[in-house]
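A, B, ... follow the sequence lines: proteins, then strands. Residue 1 opens every chain.
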Amino acid sequence: MNAAATRADALSLFDSGIISRASRDALVKLNPAKLIRNPVIFTTEIVSALVTVLAVRNLLTGQPAGFAIAIAIWLWLTVLFATFAEAVAEGRGRARAEALRRARTDTMAKLLLRPDDRALFKPTPAPELRVGDIVLVEAGDLVPSDGEVIEGVASVNESAITGESAPVIRESGGDRSAVTGGTTVVSDWLVVKITAAAGSTFIDRMIRLVEGAERRKTPNEIALDILLAGMTIIFLFAVVALEGMAAYSGTVLSVPVEVALFVCLIPTTIGGLLSAIGIAGMDRLVRFNVMATSGRAVEAAGDCDILLLDKTGTITHGNRMASAFTPVPGVDEQELADAVVLASLGDETPEGRSILAYARARYDIGAERPEGATVVPFSANTRLSGLDHQGRSWRKGAVDAVVKSAGAAPPPAFAAAVDRIARSGGTPLAVAADGRLMGVVELKDIVKSGIRERFAELRKMGIRTVMVTGDNRVTAAAIATEAGVDDFIAEATPQDKLNYIRKVQAEGRLVAMCGDGTNDAPALAQADVGVAMQTGTQAAREAGNMVDLDSDPTKLIEIVEIGKQLLITRGSLTTFSIANDVSKYFAILPAIFVASYPELQALNVMRLTSPQSAIMSAVIFNALIIVALVPLALRGVRFRPVGAAALLRRNLLVYGLGGLVAPFIGIKIIDMLLTATGLV
Amino acid sequence: MTWNGWAEIALVLALIAATAWPLGVYIARVLAGERTPLSAVLGPAERGFYRLAGIDAARGMGWKDYAFALLVLNALHFLLLYAMLRLQYYLPFNPQGIAGMSPRLAFNTAISFVTNTNWQAYSGESAVSYGSQMFGLTVHNFLSAATGIAAAAAVSRAFAGGGLKHLGNFYADLTRITLYLLLPGAIVAGIVLIALGVPQTLSASVDAVTLEGAKQTITFGPMAFQEAIKEFGTNGGGFLNANSAHPFENPSAWSNILEIWLLASVSFSLPLMFGRIVGDMRQGWALFAVMAVFAVGFVAMCYAADAGGNPLLTAAGVDPSLGNMEGKELRFGAAMSALFAVMTTGTSCGAVNSMHDSFMPLAGMIPMFQIQLGEITPGGVGSGLYGMLVFAVIAVFVAGLMVGRTPEYLGKKIQAKEVKLAMLAVLILAFCILGGTASSAVNPDALTQLTNAGPHGLSELLYAFSSATGNNGSAFAGLSADTTWFDTMLGIAMLLGRFGYVVPVLALAGSLAAKPKLPPSAGTFPTHGPLFVGLMVGVIVILGGLQFMPALSLGPIAEHFALLAGHTF
């Protein structure tokens, strides 16, 4: 985790600065024109206003107004708590936006008048740059806007964006030609062609994203909104119809009581928290140093059932390492290991070092050079390394080179071992001592530890992993088996990736992948979730719908989990909210009908003190539960990598059954408090 | 409650459950146009009908075509039936010389039979001629039932594959269901009923002199076959006003068992038809289980609430051992009356063998609540299945997110459009039932038609609008419904409850059909097994039923507690 992410993490859930700002924003958000985006809370606001007007009228005409005022206050609080939840969620993103805004440059750019003449430039304010302009950026300059390096090589500090302070190389051509506005050139110079207009640079987009300014409802949010609006209408029917039936039964229902029943029944809890959940989901990605271009992409991440993972860097460490020593018959393993270590003392390559590390770990052999020994260093020419000492010699290296140096015909067991290793995708190295072939060292692309378990978890969640590699089929198959991926694409070209994505999409599956090169761009665009690396080319970054600032392809897995967590949180709170309704009937119905049918007191299973306290308790619970659930909405329901059936069972138990039971307890406690304090 | 009573209930339920699977598979095969044992006999007739009507049975219809065909056919039949009822005095087969119906009654009756409701604001023996019974009402007993099953088949097909453009051919579905299912079923059942003593004659009524010397007119008629299809097609419109409580319509315990089986068997088999159409029987069994959980639970509640007898009468010295027998036939008893009541309201049949009005308040609430749930436990033929699928879509959407994916049902993603259409269907039911009841409760003219005051009066109103909207057709009695207000309002409720519901549901099917069918994986929300069944039950009660809680508390629940406290109304 890098510096910026840690900074953002340090922001606690309820930072006092965020809270005070959110409290103010919550009031601004009461504006009905804005609130209409949220049908449930908008309806609540309208009926709150209605009750308020009636309460004031009663006050002015000298009628008893205390109850109506109390109801009105708590209804307004219900609305406020909902807007507050959204404001808090936005506040957390805003802190990140402030940091980004500081990086946005109003610097003077060096606009080149002729691309080929670096001496002739006109100082131009960065915001005035247009797409296609060519600028010069020299050591110490801020890159004025996003662009493509067309000439030069320089090291660039991108910490403003990524939080990573180690400079990276940017050069023209190839996959490292993109530069981002707001980053700093620390050495040399670059000639950059501007690719983004002012206001639409990467940093601008990031700011808008984390501030939620461009937040549009995602497809799933729209569907949920329709469900909630539909429920609101149903309960509107129920309450309005109740007026007629109550009149028949000789009960006169007052408007505040009807409104109280209505607001308690409509799904205010999820209605109030819905947008906060969405914003918090995006924010979790941002804190994870991943920028999604839309909430839709985050949702799609949760839906993905195939992950296309690059072998190198994601599944394996990317360099070959020693994984086994195989002696020929007549040589014991320890003897071979000793010989290998001596022969490798002259091998400074990563492979050579991995052999020494392996020997130390496996055979407990230290790498001490014997006194007076002559080291034969590894060279690309000889393709072997070795040691000569007291007339003895040890050699290790490419099989043909060592066999040639040994001079003897390799025994059949040796040839068999070499063949087996080569076929399983490893690299065999031969070891000889004093001209005698001792055995074979197996070098392998080592699969990262823990990755196999990770894939098993994904499989339990119903997600298939597909390894993409340039290796041949044999090698790819061996690594695929070892890493436990479900499928692999060997000798993969960008076109192969694209074809594979199209094929599985046609079967109705959603695919996530990451990539960085320009030739990855079509596949990134085709995938349902395309995560481009920040170090990648401009083309790749524009094709994907997410950018990973840390350029870590492993993150794809976490991105999927964050997407799932977002959907789970939404579903859990919806279920909780709907299950809450049952208790409210038992609180409010006996209370409002007890005058006409005293026998209905039997339905007052919570034994609430009085009709008024019952109604008040239900309304207060309904308001407070929103605040109580804000932390859960922001943090998200904990995600567990288990199968859908197990996940459903658990969440249904916690949020379904919990949602059924919790309000009975909550309403009873509030009623007891109200009674104890003599408020009702 | 007696062990005998529970055993009788268990026996009949077991019979219904035992036939569900073979019947469901048979219906699926019939609808797919596969060969069945009856094909040899009926195949030529089926093809003959297609040739006569110029129908290409293989031509698929999109949801709009399907809905259009369904609506137009039913509209034409409505007009035909309306004309027949108005003009029946001049039409043949009217030995009793029964007069034509008033416009409002003919409107209400025609809608009632077209919508498979069979709400009867009239008395069958005195207001409908034999001709109208046979060529009008009985025809609709087939047609409206077949329409329901056809729509259910169309909706089922939406889940059968990905990127489907068609939901089947409405005319072929209608023809096949009528020819291969309803007709043979009704004929066989009718013959059995005749054997059990149900009359089937065209002779006019007989006048008899009773022991006291009074003159009594005993109505006969072509009853047995109408009785059979009345139940088999979950129609419920009785030949006689007393419906299946009348000894001619339902003479014995045996005929009673047969009639309960007839009215529930097809509805309980349709989830398995669904399972076969979508190619996964487990899905069918899950829906079957949801229906069964409700049906069994409701029977138990209804019987338990009624079998204890009326405490006020017990206090007055009446032996409670038979249970509450007011409004019940001695030959059926409390158990089989409770079972009949729950099955006839759980399906949208609406035939009655006892007066629900006279049940104990909570026992009478059960039939009402079943109707309000949207007639899905198990619901009318066809309409029960598609109503259940609407709730499956909603349940999957609400809880499906909890597994961390966009919810999908049988591989079909549930998105904004589907949620909108499903909620629209649920809204229509709530609107008609609650709106109709409330507007009647504040209409002084409507209130004069009630026989009971207090909560029982409200129950009568609530029951009437629930029954009409749910296309059930049973009545809580006590309400004289042939007035301009009720004929019109209940007529509209029946119309919206049927066609206002089926059109959004077909649109939902059209939308789902066009979507790709995603292959299931370990991450897919499992829609079979006990967990899903439990979820469905919860969602149906909370989203389908709770909105009626306030109304029910003012009706039967208030009456129940008042009764316990010794108040009657």
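With a 4.5 Å cut-off on non-hydrogen atoms, B/Leu429 does not touch chain A at all. Proximity to chain A (any heavy atom under 4.5 Å) is shown, for B/Gln547, by both the backbone and the side chain. If you measure heavy-atom distances from B/Thr524 to chain A, the contacts under 4.5 Å come from the backbone alone. The contact between A/Arg459 and chain B is made entirely by backbone atoms, counting heavy-atom distances below 4.5 Å. Contact of B/Leu450 with chain A is made through the side chain alone, with heavy-atom distances under 4.5 Å. Using a 4.5 Å cut-off between heavy atoms, B/Ala558 contacts chain A through both its backbone and its side chain. With a 4.5 angstrom heavy-atom cutoff, A/Leu589 touches chain B only via side-chain atoms. Neither the backbone nor the side chain of A/Ile463 comes within contact range of chain B; no heavy atoms are under 4.5 Å apart. Both the backbone and the side chain of B/Met402 have a heavy atom closer than 4.5 Å to some heavy atom of chain A. For B/Phe397, the part lying under 4.5 angstrom from a heavy atom of chain A is the side chain only. Proximity to chain B (any heavy atom under 4.5 Å) is shown, for A/Ser572, by both the backbone and the side chain. For B/Lys413, the part lying under 4.5 angstrom from a heavy atom of chain A is the side chain only. For B/Leu447, the part sitting under 4.5 Å from any heavy atom of chain A is the side chain, from C-beta outward, and nothing else. For B/Pro455, the parts lying under 4.5 angstrom from a heavy atom of chain A are both the backbone and the side chain. For A/Met245, the parts lying near chain B are the backbone and the side chain together; criterion is any non-hydrogen pair under 4.5 Å.
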Test side-chain contact (heavy atoms from CB on, under 4.5 Å) applied to A/Thr251 and A/Ile592, step by step: CA-CA 8 Å; A/Thr251 307; A/Ile592 57 183; 5.7 Å; no

Trace of the salt bridge (Lys or Arg N to Asp or Glu O under 4.0 Å) decision for B/Lys515 with B/Glu418: CA-CA 11 Å; B/Lys515 297 190 173 212; B/Glu418 289 74 40; 3.0 Å; yes

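Here the options are A/Asp581, A/Leu261, A/Val263, the test is side chain to side chain contact (heavy atoms under 4.5 Å, CB included), and the partner is A/Phe235; only A/Asp581 passes. When each of A/Lys564, A/Arg284, A/Arg454 is checked for a salt bridge (charged side-chain N to carboxylate O under 4.0 Å, His left out) with A/Glu558, only A/Arg454 meets the rule.
Applying the 6.0 Å contact sphere to NZ of A/Lys217 captures more than 12 heavy atoms from other residues, nucleotides or ligands.
Looking only at heavy-atom pairs under 4.5 Å with chain A, the residue among B/Ala522, B/Ser553, B/Ala438 that has the most is B/Ala522. Taking chain A as the reference chain and counting heavy-atom pairs below 4.5 Å, the highest number among B/Leu434, B/Val442, B/Leu458 is found for B/Leu458. Note on B/Ala430, B/Gly454, B/Gly163, B/Ala565: by heavy-atom pairs under 4.5 Å with chain A, the leading option is B/Gly454.
Between A/Glu299 and A/Arg570 there is a salt bridge, since a side-chain N of the basic residue sits under 4.0 Å from a carboxylate O of the acidic one.
Residues A/Asp305 and A/Arg509 share a closest heavy-atom pair of OD1-CB, 3.3 Å.
For an aromatic pair to be called close, the ring centres must be under 6.0 Å apart, and B/Phe369 with B/Phe548 fails this.
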